[in-house]
Q: 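Got a structure here, written out as structure tokens. Questions coming.
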Amino acid sequence: MFARSALPVIAVAATVTLLAGCTSTASQGSSGSDISLVKSGKLTTCTHLPYPPFQSRQGKKIVGFDVDLVDLVASALDVKQEIVDTPFEGIQSGEDLNANQCDVAAAGMTINEVREKNLDFSDPYFEATQALLTKKGASYKALGDLKGKKLAVQQGTTGEQYAQRHAKGAKLVQFEDLALLLTAVKTGQVDAGIDDNGVLYDYVKDNPDTEVTAEFNTGERYGIAVRTGNDALRKRVNKVLGDARADGRYDRIYRKWFGTAPKK
Ligand code: GLN
């Protein structure tokens with residue numbers, strides 16, 4: 001019943017094998033605390049592209065709100081951030097972190113209880129809610145309007161879960177990434193798509209033939225994830241987030257990507 005998207009998932013399994021079991025204590029930073037990094041001299045971040053404005057490719061670079069926040073952590077550790085693009089499923093399940101594929105996962109990822117069992121989250125750094133994207137003029141303004149219609153969901157996400165619980169009677173069509181979901185809505189392959197409000201509002205800015213017709217008030221908060229028990233790194237991430245909120249760097253980064261000041 002769930003149609004998988006046609007695009008192949010790009011696996012990074014080879015990297016996993018190389019890195020597994022060989023963490024190095026790479027950075028003492030200026031803190032003197034003992035933070036082990038999977039690749040010495042680098043803070044390796046798992047993410048799933050594209051998810052603008054949180055992470056996406058711009059030419060050869062990967063840019064976005066999450067990228068800028070993790071850069072602050074990297075710079076506090078005196079290392080450079082290196083980003084690994086990998087399917088969201090392995091990120092949210094904790095598998096990639098456990099396989100030492102990365103030190104942190106930053107992927108617009110919602111903090112929730114199930115995930116907390118498999119990885120540890122930083123303090124929240126962003127608030128989000130699920131939202132509905134349609135072609136402009138389509139009259140789907142609630143999940144109840146989608147009975148018998150095709151609703152696009154993104155694999156492994158809280159949006160998919162929300163649709164499974166609340167979009168009774170809709171035909172859920174699963175996509176491996178955000179770009180495929182957005183294109184499916186725009187081209188009429190599906191009737192609507194559900195995903196986080198931040199990414200959908202970002203999309204409609206450049207795609208006026210689409211619109212966001214509903215928000216579902218799911219009260220989500222994003223966290224940066226570390227391997228279960230990696231308290232040294234988690235605490236450092238929290239320290240950097242706290243400092244950045246206090247000294248204006250968080251606000252500057254927020255404005256850069258969202259054009260407004262964060263809600264207080
Ligand atoms: N916030 C959603 C989740 O955590 C979507 C994340 C994403 O697709 N990158 O499931």
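Numbering of ligands and ligand atoms starts at 1, following listing order.
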Q: Does only the side chain of F88 get under 4.0 Å from ligand 1, or the backbone, or both, or neither? Count heavy atoms.
A: side chain

Q: V70 and A106: which non-hydrogen atoms are nearest, and at how many Å?
A: CG2-CB, 3.7 Å

Q: Could you check atom 7 (C) of ligand 1 against the protein and tell me its nearest heavy-atom contact, residue, atom and distance included?
A: Y51 CZ, 3.4 Å

Q: Does the gap between the ring centers of F65 and F258 come in under 6.0 Å?
A: yes

Q: What atoms in ligand 1 come closer than 4.0 Å to a heavy atom of Y222?
A: 1 (N)

Q: Please report which non-hydrogen protein atom sits nearest to atom 6 (C) of ligand 1, along with the residue it belongs to and the distance in Å to one decimal place.
A: G108 O, 3.2 Å

Q: Do E89 and Q155 have a side chain donor and acceptor closer than 3.5 Å?
A: no

Q: Just to be sure I read this right, does ligand 1 sit under 4.0 Å from the backbone of Q154, its side chain, both, or neither, counting only heavy atoms?
A: side chain

Q: For atom 9 (N) of ligand 1, what is the closest protein heavy atom, and at what distance to 0.1 Å?
A: A107 O, 2.8 Å

Q: Considering the options F54, F88, Y222, which one meets the side-chain contact (heavy atoms from CB on, under 4.5 Å) requirement together with M109?
A: F88

Q: Starting from atom 1 (N) of ligand 1, what is the nearest protein heavy atom, named by residue and atom, and what distance separates them?
A: D196 OD2, 2.6 Å

Q: Counting only heavy atoms, which portion of R115 has something under 4.0 Å from ligand 1: side chain, backbone, both, or neither?
A: side chain

Q: Do Q154 and D177 meet the criterion of a side-chain donor-acceptor pair at a distance under 3.5 Å?
A: no

